[in-house]
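First the structure, in the form of structure tokens, and then the observations on it.
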Protein chains: 2
Amino acid sequence: MYGFNTVSLDQKGRLAIPAKYRSHLINNNETKVVITKDPQYPSLKVYPESQWDEISSKLESLQGLDPIVRNLQWTILGNASVIEFDPNSRMLVLIPSELRKYADISDQKQISLIGMGNKFEIWNVNNWEMRQTGGSLSTEILDVILPESIKSMSF
Amino acid sequence: MYGFNTVSLDQKGRLAIPAKYRSHLINNNETKVVITKDPQYPSLKVYPESQWDEISSKLESLQGLDPIVRNLQWTILGNASVIEFDPNSRMLVLIPSELRKYADISDQKQISLIGMGNKFEIWNVNNWEMRQTGGSLSTEILDVILPESIKSMSF
DNA sequence: AAGTGAGTTGGTCTATAAGCCGGATTCTGT
DNA sequence: ACAGAATCCGGCTTATAGACCAACTCACTT
């Protein structure tokens, strides 16, 4: 599940998961994906369920009253949307409107998909372009300074 | 039990637990939830009963004369309200008026629900918005410096 | 050039949320 | 103690978002 794709959202905000990701999910017997916010950039992350289980349990176990930890939990867990799909169909996925706003893809017809191995990311085409060329993103997100204990974790 | 929802309170301050949380509770054979104050922010936390039992017993076992600990105990334990619901109905939950005041949702029609795995939080829509965008909250709550022994505890 | 697979779009139907209403129970004041 | 008021609780109705189903188009392959 690697590589860059430009795909289109329809008027209802639906995304058809590309065939090459689809087959990867089917091969691993995944029937759900979880879509949530990226805490650092105006973009979304899509995880197969098995991987989400790892991430969420790690995050939940980081309990306590540290405001930075709570921020991460709110952003990642609090915005997660579990989406079940039929492996026989086209895997149409409705991106919640809240998340569409966050990633700045509310009115976009085209979006960028970036495959990152066992997860992939959803970007506004222009924001992805900017990030690639080192420009600054229009939308400013959490500028968190992460504690050492968290920096090493993978989300 | 993940994700963000905006739901409405009826004229009587009742909250209908969203279907996606409801099924989680039913699957875990929960028939009671406990609603209490968040000690750090003007918001409420809702726990399934089984999880509450863990939390409360941990908190109760924290002995000593540390004023911060005593504050935590008062805030969390002293405001807990056990609410039983009928799994077959809509799970209408009446939020105690004291807690509605605390979370600043007394006169609100809409509130934000944030699912955090095995618990969820209740926020005034504006406060949640502010928190997400990094603004300061209108209501200032405990600004405690937490002892190390407590930071790591789960509430 | 016909067929296959992938992407995209549209329509329908159901589950869910929200508002309303009536009845029950508790509270309050006289 | 009783009447009136306020609060609480369940059921019913309606509107709608989103899930499901299916068709159409386009591109690529052989």
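Letters go in sequence order (proteins before strands), and every chain restarts at 1.
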Ion pair Glu121(B)/Arg70(A), N-O distance below 4.0 Å:
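Yes, Glu121(B) and Arg70(A) are salt-bridged.
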
Separation of [X] atom [atom1] from [N] atom [atom2], in whole Å?
X: Leu9(B); N: dC8(D); atom1: CG; atom2: C1'; value: 15 Å
X: Arg22(B); N: dT16(C); atom1: CZ; atom2: P; value: 7 Å
X: Leu94(B); N: dG10(D); atom1: CG; atom2: P; value: 11 Å
X: Arg90(A); N: dG10(C); atom1: CZ; atom2: P; value: 16 Å
X: Glu98(A); N: dG18(D); atom1: CD; atom2: C1'; value: 17 Å

Show the nearest heavy-atom pair for residues Gln73(A) and Met116(B), with the distance to one decimal.
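Taking every non-hydrogen atom into account, CB-CE, 3.5 Å.
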
side-chain N/O Gln11(A) vs dG10(C) OP1/OP2, d < 4.0 Å:
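For dG10(C), OP1 or OP2 has a side-chain N or O of Gln11(A) closer than 4.0 Å.
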
Which part of the nucleic acid, if any, lies within reach of [X] when heavy atoms closer than 4.0 Å are counted: base, sugar-phosphate only, or nothing?
X: Lys109(B); value: sugar-phosphate
X: Ser89(A); value: nothing
X: Ala19(B); value: sugar-phosphate
X: Asp10(B); value: nothing

Any idea which of dA17(C), dG7(C), dT8(C) is nearest the Pro18(A) side chain?
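Selected nucleotide: dG7(C).
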
Base of dG11(C) paired with side chain of Lys12(A) (donor-acceptor, under 3.5 Å):
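Under the 3.5 Å cut-off, the side chain and the base do form a donor-acceptor pair.
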
Below 3.5 Å, does any donor atom in the side chain of Arg14(A) face an acceptor in the base of dG7(C), or the other way round?
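No such pair is found, so the answer is no.
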
Validation row: Thr36(A), Tyr47(A) side chains within 4.5 angstrom (heavy atoms)
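Side chain of Thr36(A) against side chain of Tyr47(A), heavy atoms only: contact under 4.5 Å found.
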
If we take the P atom in both dC9(D) and dT28(C), what is their distance in whole Å?
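Here dC9(D) and dT28(C) have their P atoms 16 Å from each other.
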
Do Phe4(B) and Trp123(B) have ring centroids that are under 6.0 Å from one another?
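No, too far apart.
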
